[in-house]
Every structure is written in structure tokens, then in C-alpha cells.
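Take a look at the structure below.
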Amino acid sequence: MVSRPDARTMIDTVLDEGSWRSWDVPPAEPAEPGSSYAEELAAARAKSGYDEAVVTGEGLLGGRRVAVVACEFSFMAGSIGVAAAERLVTAVERATRERLPLLAAPASGGTRMQEGALAFVQMIKITVAVQAHRAAGLPFVVYLRHPTTGGVFASWGSLGHVTAAEPGALIGFLGPRVFESLYGYAFPSGVQVAENLYENGLIDAVVPAEDVREVAIRALGVLSAGGERVPAGEEPEEDLRPVEAWEAITRSRRDDRPGVRELLKLAATEVTPLSGSGAGENEPGLVLALARFGAAPAVVLGQDRRGQRARSPLGPGGLRVARRGMRLAAELRLPLVTVIDTAGAALSKAAEEGGLSGEIARCLAELVTLDAPTVCLLLGEGAGGAALALLPADRVLSAQHAWLSPLPPEGASTILYRSVDFAPEIAQAQRVRATDLRRDGIVDRVIPERPDAAYEHRAFAERVGRTLEYEIAMLQRRSPADRKAARLDRYRNLGG
């Protein structure tokens with residue numbers, strides 16, 4: 001049976017033992033004395049042991065000071081009225097002033113019906129406070145508890161940088177009981193359930209309450225590291241054996257070549273996978289995660305060629321997931337690492353109607369103007385617009401056998417000669433190899449494969465990890481304005 005702790009138990013489970021300090025003061029009385037609503041409030045206080053539907057305060061999480069806001073469903077279904085909203089906003093504003101990460105644990109039926117329209121519009125001021133917290137570059141982590149519906153889910157419950165939920169939790173815009181009473185038939189089962197939201201890219205994880213502590217510690221280890229200076233180690237060495245273009249392309253396509261998931265597993269720590277765009281899209285060909293390479297924190301967004309091959313090529317939804325990662329890096333001032341490894345974008349009716357070209361353009365525009373430090377890693381295949389969408393960065397690195405081309409060489413051969421037979425010659429002529437790309441100013445550093453990444457998964461991944469750490473450390477030594485200006489200048493003058 002799933003454990004569903006009340007607000008205080010939830011807080012005690014997540015925070016360091018004995019560290020909780022309440023910020024709450026007695027709430028204003030929202031009901032007329034002697035009214036039925038006043039009687040309901042008195043009964044709720046007596047039965048639940050809470051004075052309102054929200055508790056707020058601070059504590060330590062793995063030694064890190066954090067602010068917490070949590071709903072208590074046993075108090076009038078966790079509904080938010082004027083007093084609860086004021087308590088919430090006061091706490092969020094204090095967290096912002098004191099520059100604390102904010103953890104939220106909603107469990108609510110939404111607006112308190114007894115207070116009507118005035119309670120309804122409280123969601124606006126809560127949203128404003130949360131957005132101001134985020135705009136200050138401070139992390140906002142949400143754990144959706146059972147149930148979370150209505151205005152709470154449609155406002156601050158959906159604004160987390162990282163969002164997890166209780167297993168089996170009811171989460172949705174309109175409660176199923178209300179839906180059935182309004183429309184006369186039951187809402188489809190299995191839709192407003194945490195696991196379904198995860199599958200559709202609306203939340204990042206489904207975890208039981210007892211695991212939230214470790215998930216939050218790991219996520220905040222990266223989310224709170226914006227602006228953190230990383231010590232620079234020794235500059236990575238290059239020791240490259242010459243490889244022909246077609247040989248490099250053939251090697252990049254090996255099924256046993258390590259991809260972005262292996263890179264995260266073997267070369268990174270504090271990895272927190274994120275799921276989907278947050279707007280109902282989730283593609284297996286695009287990995288989004290928080291991670292550290294050595295001491296360097298990063299938002300990682302990478303193309304997973306195995307996911308693309310097994311299920312579908314990268315489509316517009318995958319690029320919207322990528323743009324979520326870009327926004328996350330910009331807002332929290334975290335370095336962004338993009339990983340290119342794709343045979344090309346989806347070529348389909350759905351991709352065209354879903355706005356693939358527009359998403360490529362928006363990725364390019366956002367990346368090249370991003371305020372955060374950016375590093376691109378060409379890990380393997382780099383074909384077409386799907387690869388270009390993640391390319392423009394402060395520093396571009398390439399694995400020795402990675403490549404970049406407007407089309408797979410077979411496609412270019414078909415355009416020029418109406419046959420795929422000239423692909424090797426086309427690849428050589430187009431200068432798609434890592435060493436050619438460096439010579440042309442597209443790539444800054446080539447990471448050796450000794451002799452092939454497929455034969456040395458761990459050693460290669462660790463070599464990549466050390467190189468990423470070094471490059472991030474060097475970028476952090478430049479001011480954001482200088483870094484951005486240099487990036488714009490680089491791409492303005494490329495090939496000029």
C-alpha cells in the first residue's frame with residue numbers, strides 16, 4: 001500500500017532530523033463569527049490538528065538550508081482561501097529575500113469554494129510570488145501529493161524546475177467527481193494519475209515519499225550551483241591517429257558505441273533525469289538531465305540515437321524538450337551541455353505539421369543568445385537540422401570519430417549523383433570529420449578515441465567528462481557579457 005503522510009510527517013521525512021522551524025503565525029479569520037463556514041473551520045481545526053490548509057517554514061536538507069511550503073489535505077481538502085494564500089505568498093517571498101531554494105508539497109482540491117471568487121484569484125498572487133522566486137535564479141522543486149487538482153495544479157503546482165509525484169496520485173485540472181456531476185458520465189480512468197503524467201512528459205518522476213529526500217538532495221546539488229566556480233584542472237591532451245572520413249562515419253554508427261546515456265552513467269555524478277517538455281510531450285530520442293562532470297554542474301540535453309532508432313527519429317516534441325533544458329539553464333544560471341548524436345530529424349507528416357523547422361530555428365535562436373555558459377559535444381552522428389539545432393555554443397567539442405553534415409553522406413550522394421555509391425567520396429569532400437571541423441573553426445577541441453570509443457566505454461566516457469569539466473571551468477572565468485559577445489562574434493564570422 002502506498003504511504004501518504006500528512007504535511008508534518010512529510011516534512012519530517014524529507015528534512016534533516018530536528019531542523020524544521022515553522023514560519024507560520026495564526027491566520028486571519030476568513031469567516032463571519034457564527035456562520036456555517038466558521039463552524040466548518042472550527043471542525044476542521046479540531047479534527048486535523050492544523051490551523052490552516054498550508055504549513056510553511058524552513059529546515060536543512062542534506063545540510064542545505066531550504067524553505068518548505070506544504071498543503072494538508074485533511075484540513076478542508078487542502079483548499080486554498082485568502083488566509084492560506086497569504087501564508088503561502090509570505091513564505092515564498094521570504095524564501096526569495098533570503099535566497100533559499102523552495103520545496104513545495106501540494107495536496108489540494110483547489111480553490112476554497114466557501115470563499116468564492118476572491119479565493120479563486122489568490123492563485124494569481126501565488127503564481128506571481130513563485131515566478132519572482134524563479135526569476136531571482138532560485139530553485140523551485142515540487143512534489144505533487146495525492147490528490148492535487150484544480151487551481152493549485154493549474155498554478156504553482158505546475159511551475160517547478162523539477163516536479164515529482166506520489167505513486168498513484170490523482171493529479172489533474174478538474175476532479176473526477178466534479179466532472180461526472182457536471183457531464184453525467186465518468187472521466188476516463190488512468191488519465192489523471194501520476195504515472196500517466198510521467199509517461200506524457202508532464203512530470204519528471206514518480207517516487208514514494210520516503211525517497212523524496214534523496215531525490216531532492218541530488219537535484220538541489222545541481223540546481224543550486226548556478227554561478228558556482230569550478231577549479232580548472234590540467235588542459236586535456238590530444239593524441240589523434242588520422243582517420244578517413246568514411247571510416248569515422250562507419251565507426252560512429254556502431255551499435256556498441258557509447259551514447260549519451262552511457263556518458264551520464266560512467267562520467268557524471270548527481271544525475272537527475274528529467275522527463276519531457278513539461279507541456280505534454282516526451283520523446284525517447286532526447287535525454288534531459290541535471291548532472292555534474294567532476295565538480296562542474298550542468299543541465300545536459302543530449303540526443304540518444306538508440307532511442308531514435310528503436311522508436312522514432314527526433315521530432316519537434318524532442319526539440320521542445322531541449323528548449324526546456326535551455327530555459328532551465330538560463331533561469332538558474334547553470335552551464336548547459338548539449339550532446340549531438342543523431343542520424344537526422346523525423347521526416348514525416350506529423351513532424352511537418354508539428355512545426356519541426358520552426359523548432360530547429362527556435363533552438364538555434366535560443367542557444368546562440370543564451371546567457372548561460374554553453375558547451376556542445378559532437379558525440380557521434382551529426383546529420384542535418386536535428387544536429388544543427390544543438391550546435392551553437394561557446395565551446396564545441398568533438399569525439400574523434402564524430403562528424404557533422406547537412407545530410408547523411410548517402411543523402412548528399414543521391415542529390416549530386418542520383419546514387420548512394422559516392423557517399424565515401426562525398427564525406428571526404430564535405431570535410432565532415434572532427435579534425436576538418438576543427439580546422440574550419442566549427443569545433444574547438446577533438447577528444448581522442450583509443451582506438452575507438454566502442455572498445456573503451458569507461459575510459460572514453462571519463463575522458464569526455466574531464467574535458468567537459470575543464471571547458472566549463474574555463475568558461476566560468478569569463479563574464480557573461482564577454483562570453484555571449486564572443487559567441488555571437490564567432491558565429492557571425494564563421495567562414496567569413
Is the closest side-chain heavy-atom distance between [X] and [Y] below 4.5 Å?
{"X": "V212", "Y": "V207", "result": "yes"}
{"X": "L301", "Y": "V321", "result": "no"}
{"X": "V92", "Y": "I126", "result": "no"}
{"X": "T149", "Y": "Q192", "result": "no"}
{"X": "V141", "Y": "V215", "result": "no"}
{"X": "L319", "Y": "E283", "result": "no"}
{"X": "I426", "Y": "Y417", "result": "yes"}
{"X": "C363", "Y": "M326", "result": "yes"}

Expected output: side-chain [X] to main-chain [Y] donor-acceptor under 3.5 Å:
{"X": "R463", "Y": "P448", "result": "yes"}
{"X": "T90", "Y": "R87", "result": "no"}
{"X": "R306", "Y": "D255", "result": "yes"}
{"X": "Q428", "Y": "E425", "result": "no"}
{"X": "T374", "Y": "A393", "result": "no"}
{"X": "S252", "Y": "I249", "result": "yes"}
{"X": "R490", "Y": "I442", "result": "yes"}
{"X": "R99", "Y": "L138", "result": "no"}
{"X": "D489", "Y": "A485", "result": "no"}
{"X": "Q308", "Y": "Q303", "result": "no"}

I need the [X] [atom1] to [Y] [atom2] distance, nearest 0.5 Å.
{"X": "L88", "Y": "M123", "atom1": "CG", "atom2": "CE", "answer": "9.0 Å"}
{"X": "L468", "Y": "L377", "atom1": "CG", "atom2": "CG", "answer": "6.0 Å"}
{"X": "D204", "Y": "L290", "atom1": "CG", "atom2": "CG", "answer": "8.5 Å"}
{"X": "R94", "Y": "E98", "atom1": "CZ", "atom2": "CD", "answer": "4.5 Å"}
{"X": "L407", "Y": "Q430", "atom1": "CG", "atom2": "CD", "answer": "8.0 Å"}
{"X": "L223", "Y": "F140", "atom1": "CG", "atom2": "CZ", "answer": "12.5 Å"}

### Query
If we ignore angles and hydrogens, is there a donor and acceptor under 3.5 Å between the side chains of H161 and E331?
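A pair is found: one side chain offers a donor N or O, the other an acceptor, under 3.5 Å apart.
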Lys/Arg-Asp/Glu bridge criterion (N-O < 4.0 Å) met for [X], [Y]:
{"X": "K125", "Y": "E86", "answer": "yes"}
{"X": "E359", "Y": "R362", "answer": "yes"}
{"X": "E449", "Y": "R251", "answer": "no"}
{"X": "R439", "Y": "D436", "answer": "yes"}
{"X": "R65", "Y": "E58", "answer": "yes"}

With sequence neighbours left out, which residue pairs that include part of [range] fulfil the salt bridge (Lys or Arg N to Asp or Glu O under 4.0 Å) condition?
{"range": "residues 371-389", "answer": "R253-E381, R309-E381, D371-K484"}
{"range": "residues 332-343", "answer": "R305-D341"}
{"range": "residues 290-304", "answer": "E228-R292, R261-D304, E270-R292"}

Other residues, nucleotides and ligands only: do more than 12 of their heavy atoms fall within 6.0 Å of [atom1] on [X]?
{"X": "Y198", "atom1": "OH", "value": "no"}
{"X": "Y491", "atom1": "OH", "value": "yes"}
{"X": "D482", "atom1": "CG", "value": "yes"}
{"X": "R418", "atom1": "CZ", "value": "no"}

Checking A67 now: which residues fulfil side-chain contact (heavy atoms from CB on, under 4.5 Å) with it, not counting sequence neighbours?
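Only W23, A95, L100, L102 meet the side-chain contact (heavy atoms from CB on, under 4.5 Å) criterion with A67.
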Considering residues at least two apart in sequence or located in another chain, which fulfil the side-chain hydrogen bond (donor to acceptor under 3.5 Å, both in side chains) criterion with E366?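 Counting only residues at least two positions away or on another chain, E366 forms a side-chain hydrogen bond (donor to acceptor under 3.5 Å, both in side chains) with R323.
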Looking only at non-hydrogen atoms, find the nearest pair between L266 and R458 and report the distance.
->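 That closest heavy-atom pairing would be CD2-NH2, 3.2 Å.
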Subject >> Exercise: identify the closest heavy-atom pair between A473 and P231 >> reply: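 The answer is CB-O, 3.9 Å.
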Exercise. For Y470, enumerate each residue passing the ring pair (Phe, Tyr, Trp, His ring centres under 6.0 Å) test, keeping only those at least two apart in sequence or located in another chain.
Key: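 If we apply the ring pair (Phe, Tyr, Trp, His ring centres under 6.0 Å) test to Y470, skipping adjacent residues, there are no hits.
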H133 vs T96, side-chain hydrogen bond (donor to acceptor under 3.5 Å, both in side chains): CA-CA, chis, key distance, verdict:
CA-CA 5 Å; H133 184 83; T96 306; 3.0 Å; yes
